[in-house]
Amino acid sequence: MVVLRSTSDLAFRNWVLEQPEGETLLRCYQCGRCTSACPVAAIDNSFNPRLFLQKILLADESLTEEQLVWTCLTCEQCEVRCPEHVKIPHLLILAKVRGLVGGNTPQGALDRARAILAGGRTIMVNESMLKTRDKMGLPDLGQPPVDQIASVLKEIGLAKKLETVESVYGGGSNE
Amino acid sequence: MSKAKTYTYFPGCMIPFRLPHFEMAARAVLKRLDIELEANPGHACCPEPTTFTGVDFDAWVTLAARNVAVSETTGLETVALCSGCFHTLAVANHMIQEDEKLKGRINERLKTVGLKVTGDLTVKNILHVLHGDVGLERIKKEITHPLTGLKFAPHYGCHLVRPLEATHMDDAEQPMWMDDLIEVTGAEVAEFEDKMSCCGAPITPSDEDKAFTLTAQRIEKIRASGADAIIVVCPTCYTQLEMQQKKATAKFDPEYSIPVLYLGELLAIAMGMKDMVISNARRYHRVKVGPLLEKIGGAA
Ligand code: SF4
Ligand code: SF4
């Protein structure tokens, strides 16, 4: 087996199994139907959900450093076809989450997360948007309760993590 | 005539501020059907399910649960017009129902803001409301301008439909509710390959080229069906298939274009509210809808 920095213990695999719906991983028997059903695999044969799950099963944390996991659409076409109803895109989401500390997160994803924490929305709402709503006869929606967001997330400490993390993500496809 | 029914309206970010013509059309159509939408100032971003999940899933499900808890306080059913919002609220609600430990952990966090989530909320999308609650018969009565002779391709998108155990939709691979709503307008439903494929949008932040390769494939298959327009529910699908359509068609035929209508716009047209759709089209549609509306008759 290839020796990688983080393959020496089962930490990654155990963490995945502890997460809600993470234990569905253990039902995977590597049949490959997910990969056959996957539209991303169809245009890029280095994207292979079956092999991604194999990595998690083998506690190979290098998966969390792979930019490819972020090209999962979360479309769930794989999950519909999986005979064991493994929560495949969810397991890939968990690999993405583990990759945050190393910066394996697209810049756009970090920007959105920071916007949500700071303003309660993915986008900056400006005067002209509010005017347009008014002109269209649509009601005022008020301001999202940002203080509540901060309060319920306090224990998780996401705001702190986002302060320091930097995306090492190229983002482009044509390397 | 039945009394008006009110739903709690979960607005999210995209529809109210980037694509308000969705909300305008939906409200107008629902009003005809004696339905009111009532927003609640306690709601915030759902949060969106395609990237925030991968930043911090625990934070995602916690913020989603806070929105669900706010909805629970209204005592009404909640409808989210956006498929992303709907998916987030439905999935979080389902996880809370299934996982007592998760529910307990989240309620500890919600306690700090005086909220509590039980999992008893009913989260709906526009198809649940139109097809399920109102019913085709009632909608048919409001169709004053039948769209006979036109053919539409229903693009359901992924997050509206999957996973079935949380979305409570009719089928994960062959859903029919939007098909039925198209037929109720008098139009024909286009048959095309890969009905339940993704629009490609979720991976634009990580790999835009791959995203538009998928979008191009999607549009090419719909083109082969001879559809007059694509009908969508989701604002993200709309952005990808309509606002950004040129980036996709550039990959196979830069001359080609196809109008995209929000389902609410389609129903509004068939209910005689074409003028509203036309006046919003100037600002919110990049592909001209004029020629399509002329086919329906009487367009400027
Ligand atoms: S289809 Fe399911 S069981 Fe088969 S390899 Fe994929 S995840 Fe594993
Ligand atoms: S959810 Fe991800 S892995 Fe599954 S089919 Fe869609 S793109 Fe492929």
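All values below come from the heavy atoms of this structure, side chains included, with hydrogens, waters and symmetry mates left out. As the structure is a computational prediction, the values presented were derived from the model and not from experiment. We name chains A, B, ... by the order of the sequence lines, and we start the count at 1 in each one.
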J.: Is the closest side-chain heavy-atom distance between Val101(A) and Thr64(A) below 4.5 Å?
T.: no
J.: Heavy-atom distances under 4.5 Å only: say whether Ser197(B) touches chain A with side chain, backbone, both or neither.
T.: both
J.: For residues Gly54(B) and Trp70(A), report the shortest heavy-atom separation together with the two atoms involved.
T.: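 Gly54(B) and Trp70(A) have their closest heavy atoms at O-CZ2, 3.6 Å.
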J.: How long is the straight-line distance from OG1 of Thr62(B) back to CZ of Arg109(B), given to the nearest 0.5 Å?
T.: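 One gets 4.0 Å once the value is rounded to the nearest 0.5 Å.
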J.: Answer yes when Glu208(B) and Lys247(B) have at least one side-chain N-carboxylate O distance shorter than 4.0 Å, and no when they do not.
T.: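 So Glu208(B) pairs with Lys247(B) through a salt bridge.
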J.: Which answer fits Gln217(B), side chain, backbone, both or neither, if we ask what part of it has an atom under 4.5 Å from a heavy atom of chain A?
T.: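 For Gln217(B), the contact with chain A is made by the side chain alone.
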J.: Search all heavy atoms of Leu241(B) against all heavy atoms of Cys199(B) and return the closest pair with its distance.
T.: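 Smallest heavy-atom distance, with atoms named: CG-CB, 4.2 Å.
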J.: Given a strict heavy-atom distance threshold of 4.5 Å, which part of Arg27(B) is in contact with chain A: side chain, backbone, both, or neither?
T.: side chain
J.: Please rank Arg121(A), Gln143(A), Lys96(A) by heavy-atom pairs under 4.5 Å with chain B and give me the top one.
T.: Arg121(A)
J.: Kindly check if the number of other-residue, nucleotide or ligand heavy atoms within 6.0 Å of CD (Glu166(A)) is above 12?
T.: no
J.: Name the region of Leu92(A), side chain, backbone, both or neither, that has any atom closer than 4.5 Å to a heavy atom of chain B.
T.: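 Neither part.
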J.: Chain B: which of Ala42(A), Ala109(A), Gly142(A) shares the most heavy-atom pairs with it under 4.5 Å?
T.: Ala109(A)
J.: So which residue, Thr50(B), Leu110(B), Asp194(B), Leu63(B), ends up with the most heavy-atom pairs under 4.5 Å with chain A?
T.: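 So the answer, after comparing Thr50(B), Leu110(B), Asp194(B), Leu63(B), is Leu63(B).
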J.: Give, as side chain, backbone, both or neither, the part of His159(B) having an atom under 4.5 angstrom from any heavy atom of chain A.
T.: side chain
J.: Just to be sure I understand the criterion: a residue of residues 124-139 of chain A counts if one of its heavy atoms is under 4.5 Å from a heavy atom of chain B. Which ones qualify?
T.: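 Only Val125(A), Met129(A), Leu130(A), Thr132(A), Arg133(A), Met136(A), Leu138(A), Pro139(A) of residues 124-139 of chain A have a heavy atom under 4.5 Å from chain B.
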J.: Considering only heavy atoms and a distance below 4.5 Å, find which of Cys13(B), Pro11(B), Pro202(B) pairs most often with chain A.
T.: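 The option with the most such pairs is Cys13(B).
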J.: So with a 6.0 Å cut-off around CZ of Arg18(B), is the heavy-atom count from everything else above 12?
T.: no
J.: Has Glu65(A) got a side-chain atom pairing as donor or acceptor with Asn104(A)'s backbone, closer than 3.5 angstrom?
T.: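 No, because the side chain of Glu65(A) does not come within donor-acceptor range (under 3.5 Å) of the backbone of Asn104(A).
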J.: Can you tell me which of Asp58(B), Asn40(B), Leu102(B) forms the most heavy-atom pairs within a distance under 4.5 Å of chain A?
T.: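 Top count of heavy-atom pairs under 4.5 Å with chain A: Asp58(B).
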J.: Is chain A contacted by the side chain of Met95(B), its backbone, both, or neither, given a heavy-atom distance below 4.5 Å?
T.: side chain
J.: Given Val68(B), which of Leu115(B), Thr78(B), Val61(B), Val117(B) fulfils the side chain to side chain contact (heavy atoms under 4.5 Å, CB included) condition?
T.: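 For Val68(B), the side chain to side chain contact (heavy atoms under 4.5 Å, CB included) test succeeds with only one of Leu115(B), Thr78(B), Val61(B), Val117(B), which is Val117(B).
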J.: At a heavy-atom distance under 4.5 Å, which candidate from Pro89(A), Cys72(A), Gly120(A), Pro144(A) has the highest pair count against chain B?
T.: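 If we count pairs closer than 4.5 Å to chain B, Gly120(A) comes out on top.
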J.: Below 4.5 Å from any heavy atom of chain B, which atoms of Gln107(A) appear? Answer side chain, backbone, both or neither.
T.: neither
J.: Do Val277(B) and Met273(B) come close enough that some side-chain heavy atom pair is under 4.5 Å?
T.: no
J.: Is it the side chain or the backbone of Ile149(A) that comes within 4.5 Å of chain B heavy atoms, both, or neither?
T.: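 Backbone plus side chain of Ile149(A), per the 4.5 Å heavy-atom cut-off to chain B.
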J.: Which region of Thr74(A), side chain (C-beta onward) or backbone (N, CA, C, O), has a non-hydrogen atom less than 4.5 Å from a non-hydrogen atom of chain B, or is it both or neither?
T.: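 Thr74(A) touches chain B through backbone and side-chain heavy atoms alike.
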J.: Taking Leu110(A), Thr71(A), Leu94(A) one by one, which has the highest count of heavy-atom pairs under 4.5 Å against chain B?
T.: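 The residue among Leu110(A), Thr71(A), Leu94(A) with the greatest pair count is Thr71(A).
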J.: Are the side chains of Gln54(A) and Pro49(A) in contact, using a 4.5 Å heavy-atom criterion?
T.: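 With C-beta onward as the side chain, the pair stays apart.
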J.: Any ion pair linking Asp209(B) and Lys251(B) (charged N to carboxylate O, less than 4.0 Å)?
T.: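 Result for this pair is yes, salt bridge flagged.
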J.: Centroid-to-centroid, His285(B) to Tyr238(B), below 6.0 Å?
T.: yes
J.: Between Glu108(B) and Lys111(B), does at least one N-O distance fall below 4.0 Å, as a salt bridge requires?
T.: yes
J.: Which atom pair, heavy atoms only, marks the closest approach of Ile203(B) to Ala211(B)?
T.: CG1-CB, 3.8 Å
J.: Please name the pair of heavy atoms, one in Val86(A) and one in Cys28(A), separated by the smallest distance, quoted to 0.1 Å.
T.: CG2-N, 3.8 Å
J.: Pick one of side chain, backbone, both or neither for Val80(A), based on which atoms fall under 4.5 Å of a heavy atom in chain B.
T.: side chain
J.: Does any backbone or side-chain atom of Glu165(B) lie under 4.5 Å from a heavy atom of chain A? Answer side chain, backbone, both or neither.
T.: side chain
J.: Could you look at Thr213(B) and say if it's the side chain, the backbone, both or neither that has a heavy atom under 4.5 Å from chain A?
T.: side chain
J.: For the candidates Lys154(A), Glu21(A), His90(A), which exhibits the highest count of non-hydrogen atom pairs separated by less than 4.5 Å from chain B?
T.: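 The residue among Lys154(A), Glu21(A), His90(A) with the greatest pair count is His90(A).
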J.: Test salt bridge (Lys or Arg N to Asp or Glu O under 4.0 Å) on Lys103(B) and Glu98(B); report intermediate values, then the result.
T.: CA-CA 9 Å; Lys103(B) 183 173 158 182; Glu98(B) 296 291 306; over 6 Å; no
J.: Select one option (side chain, backbone, both, neither) describing which atoms of Glu79(A) are under 4.5 Å from chain B's heavy atoms.
T.: side chain
J.: Could you tell me which portion of His21(B) (side chain, backbone, both or neither) has an atom closer than 4.5 angstrom to a non-hydrogen atom of chain A?
T.: both
J.: Does some side-chain heavy atom of Ile35(B) sit less than 4.5 Å from a side-chain heavy atom of Val29(B)?
T.: no
J.: Please classify the contact of Met196(B) with chain A as side chain, backbone, both or neither, using a heavy-atom distance under 4.5 Å.
T.: backbone
J.: What part of Arg112(A) gets within 4.5 angstrom of chain B, counting heavy atoms only: side chain, backbone, both, or neither?
T.: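 Contact with chain B involves the side chain of Arg112(A) alone.
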J.: Go through it in stages, so that I can follow the logic: the residues are Glu61(A) and Arg13(A), the test is salt bridge (Lys or Arg N to Asp or Glu O under 4.0 Å), and I'd like the CA-CA distance, side-chain angles, deciding distance and then a yes or no.
T.: CA-CA 8 Å; Glu61(A) 190 149 11; Arg13(A) 181 188 147 116; over 6 Å; no
J.: If you measure from SG on Cys234(B) to OH on Tyr262(B), what distance do you get to the nearest 0.5 Å?
T.: 10.5 Å
J.: Less than 4.0 angstrom from a charged side-chain N to a carboxylate O is my criterion; do Glu76(A) and Lys87(A) meet it?
T.: no
J.: Do Phe52(B) and Phe57(B) have ring centres separated by under 6.0 Å?
T.: no
J.: Around Arg114(A), counting heavy atoms of other residues, nucleotides and ligands shown, do more than 12 lie under 6.0 Å from its CZ?
T.: yes
J.: Of all of Ala59(B), Ala39(B), Ala65(B), Ala172(B), which one pairs up most often with chain A through heavy atoms under 4.5 Å apart?
T.: Ala59(B)
J.: Please determine, among Pro163(B), Cys158(B), Pro47(B), Pro41(B), the option with the most heavy-atom pairs under 4.5 Å with chain A.
T.: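 Looking at each option in turn, the highest pair count goes to Pro163(B).
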J.: So which part of Leu153(A) gets closer than 4.5 Å to some heavy atom of chain B, the side chain, the backbone, both or neither?
T.: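 Side chain only.
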J.: Residue by residue, which of residues 155-163 of chain A have a heavy atom closer than 4.5 Å to a heavy atom belonging to chain B?
T.: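 Within residues 155-163 of chain A, the residues under 4.5 Å from chain B are Glu155(A), Ile156(A), Leu158(A), Lys161(A), Leu162(A).
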J.: Which answer fits Asp56(B), side chain, backbone, both or neither, if we ask what part of it has an atom under 4.5 Å from a heavy atom of chain A?
T.: both
